[in-house]
Amino acid sequence: MWKAAAAVKDEWREGLASGGETFLEKSFSPEPHFPKAFDWWGGRAEGVLFGGKAKRMQDIRPTLSVGRLPCRAGKVKRRREGRCFSCAVVMKGNRRILFFLCRPLERIVEPSRRPLIEIEHVFVTYPGTERHILNDFNLTLYEGEHAVIRGGNGAGKSTLLRLLRGEQWPDQIDHRRAGRVLWHGPEGADPSPLTGRKVTSLVSAMQQERVVHQEWRVDGERLVLGGFSDAIYIAQQPTSEMCETAYQLVRLLGGVHLLKKPVTAMSQGQLRLMLVARSLVRKPEVLLLDEVTDGLDARARNTLLDALERASELSTLVMTTHRPETLPSWIGRQIVLENGKAVDGPMLETAVEPEKEPAPVASAPELKGIRGCSARIAIKDASVFIDRVPVLYDINWTINPGENWAVLGGNGAGKSTLLRLLAGDEIVAYGGEIVRELPRQGGVVDRLEVLRKGVRLVSDRQQATYTYDITGEELVFSGIDNSVGVYREPSEKELAQVTDILASLHLEFLAKRTIRSCSTGEFRRLLLARALAGEPDLLLLDEPFSGLDAPSRNEFFALLNQLARQGVQMILVTHHKADIFPAITHMLQLENGRISAIWEQG
């Protein structure tokens, strides 16, 4: 049983640290056992009971308030268990001195039930349609009640986060559909989206697309510092305190090496980490995270989730995800979107376990009108620089006809850069060479406009370039010329080709829909159809399963496998080995911009 601090007060001695901060000190030998260890991230802990073993964390109650940890003494081992208390073990020679810390009582959420954002009878419709994304929607977010928003592609998760942020305006058509959103700021409840911007921060794929598309000429440090003013660029000269706060946050996320790296040279996973740091510097009351772990390798994902756990002590976190196995254990509320409404409730124990997904289908029905082709690409002693920063070093690799490759590696290994090199978006530095032999383009290709027709790239970076709000049919047609947007009228033969491809991929229902009204998964399948419209010699896929729910992943998995079986040659980049379909024949591993291993898939 845990004993209250007051009950053992005589066993403790009160001391004074530098600066006059009060702390409690006691020697232990051996060091007490705590099952889960974390670094302590600023602020004060939330209450303490100690002595013996705890039966349940629910038994812990706040009992006293003491000052910050004096970290000047010896080597510090910091440990934390649960959300109710925090302690640190400081080594002084052979002595172990255990510090227990607790927050003032008014900071403890039990929960406080103080509303942060209220949504009342809100309607949101897709542009140009009568289809409701949110339908007479009601939701209240409370302080300290961390939540996950679940739902399939197109359910409205990203729209809901933009609404909570103040970036999405509710429909205001008539008195029956004049819902409102209230943000509870320092001056009370306010319906102004400007207050929403002050009390919230958002990290989303759309925000990342905007950074990529605008090609901000800033490094990681300036990107993060811009978060203090919630602006693209730094609006004021940063103070030393601001720089130190930004540095400590980036260090917490394991991204110190990215501070001086240009944004344009970052991988998608690296950029995601820096955008999270950028959102945290203001210490917002509500932190909104849209598929924040997508595109991160296992190590970066775990580092990010550990940092978010610390952030959960200062902000209320609201997340969306299609991969429930990545959900942190401290999420306590689940909001499921169905037919434009919220099915709300507590997080069940089984909710954080991996979904019982059906095994991905090995193949789909044969696709009509799809013709395969085989390319040969030879890369010799190739290095690639982006904004004078070396990204790839001495690459030697040959892709032979009939081979389908998967490229693996951590964030920043150079996977996406390697695909862009194959597509002609990056060039080889002096001393190296790349030879592309594309049969449908007449053999060896050295002109960029011809290369762009023979090699097609499907990626989230490509998705960012499509700022035009064209229809699905027009998007697929643009693939014939590989243009961004449509600049000529299609012929009857080309229209028939577009119709056949949409039918083959079961996307006829998106032909007349605008792409900005499509979900992430629908848009991704349209981009694949666009790539196939040009009958490419080689298809490049950069994290094609990111942002897809389980049914969409399985369907896309089967579709890509069937395309490969019909002779469409592919290069796949992924962080998840489960995304590697059976038609993949070879594997390549990248580490720090170099090829570390090549093997044939058994």
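As the structure is a prediction and not an experimental result, all values here were calculated from the model.
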Ion pair E522/R513, N-O distance below 4.0 Å: yes
Donor-acceptor check, side chain of S315 to backbone of P284, threshold 3.5 angstrom: yes or no? yes
Taking R165 for its side chain and R197 for its backbone only, find out whether a donor-acceptor pair lies under 3.5 Å. yes
N/O donor-acceptor pair under 3.5 Å between H146 side chain and W330 backbone: no
Measure from the side-chain N and O atoms of D537 to the backbone N and O of R440, and report whether any donor-acceptor pair falls under 3.5 Å. yes
Nearest heavy-atom neighbours spanning P262 and D387: CB-OD2, 3.9 Å
Would a distance-only check, ignoring hydrogens and angles, find a side-chain to backbone donor-acceptor pair under 3.5 Å from K380 to I395? no
Any side-chain to backbone donor/acceptor pair from S204 onto D290? Under 3.5 Å, distance only. no
Would a 4.5 Å heavy-atom cut-off, applied to side chains only, mark L559 and L528 as touching? yes
For N592, does the CG atom sit with more than 12 other heavy atoms under 6.0 Å from it, leaving out its own atoms? no
Are any of the side-chain heavy atoms of I571 and L418 separated by less than 4.5 Å? no
Rounded distance (nearest 0.5 Å) linking atom CD of Q566 with atom SG of C373: 14.0 Å
Could you check if a side-chain atom of L253 sits within less than 4.5 angstrom of a side-chain atom of V276, using non-hydrogen atoms only? yes
Look at the side chain of E474 and the backbone N and O of T471, then say whether any donor-acceptor pair between them is shorter than 3.5 Å. yes
If you compare all heavy atoms of L451 against all heavy atoms of G424, which two are closest, and at what distance to 0.1 Å? CD2-CA, 3.6 Å
Is a side-chain donor-acceptor pair under 3.5 Å present for H575 with E543? yes
More than 12 heavy atoms from other groups under 6.0 Å of CZ on R488: yes
Check ion pair D306-R301 (N to O, under 4.0 angstrom): no
Hey, does the Lys NZ or Arg CZ of R594 hover above the aromatic six-ring of Y393, less than 6.0 Å from the centre and inside 45° of the axis? yes
The single option from R452, R530, E449 that satisfies side-chain hydrogen bond (donor to acceptor under 3.5 Å, both in side chains) with N482 is R530
Counting distance only, does the side-chain N/O of D542 pair as donor-acceptor with the main-chain N or O of V573 below 3.5 Å? no
Kindly check if the number of other-residue, nucleotide or ligand heavy atoms within 6.0 Å of CG (L448) is above 12? yes
Does atom NZ of K261 have more than 12 heavy-atom neighbours from other groups under 6.0 Å away? yes
Would a 4.5 Å heavy-atom cut-off, applied to side chains only, mark L541 and T574 as touching? no
Heavy-atom nearest pair, I427 first then V384, reads O-CG2, 3.8 Å
Considering only heavy atoms from C-beta outward, does the side chain of R162 approach that of S158 to under 4.5 Å? yes
Residue pair E473 / F477, side-chain heavy-atom distance below 4.5 Å: no
Distance-minimising heavy-atom pair for L540 and L419: CD1-O, 3.4 Å
Can you confirm whether F228 is buried at CZ, in the sense that more than 12 heavy atoms of other residues, nucleotides or ligands lie under 6.0 Å from that atom? yes
Heavy atoms only: give me the nearest L422-I434 pair and the separation to one decimal. CD2-CD1, 4.3 Å
Distance-minimising heavy-atom pair for I331 and A147: CD1-O, 3.9 Å
For residues V148 and T320, determine if any side-chain heavy atom of one lies less than 4.5 Å from a side-chain heavy atom of the other. no
Side-chain donor or acceptor of R524 paired with backbone N/O of P544 under 3.5 Å: yes
Side-chain heavy-atom pair F556, R525 within 4.5 angstrom cut-off: yes
For S383 and D394, indicate whether the former's side chain and the latter's backbone hold a donor-acceptor pair under 3.5 Å. yes
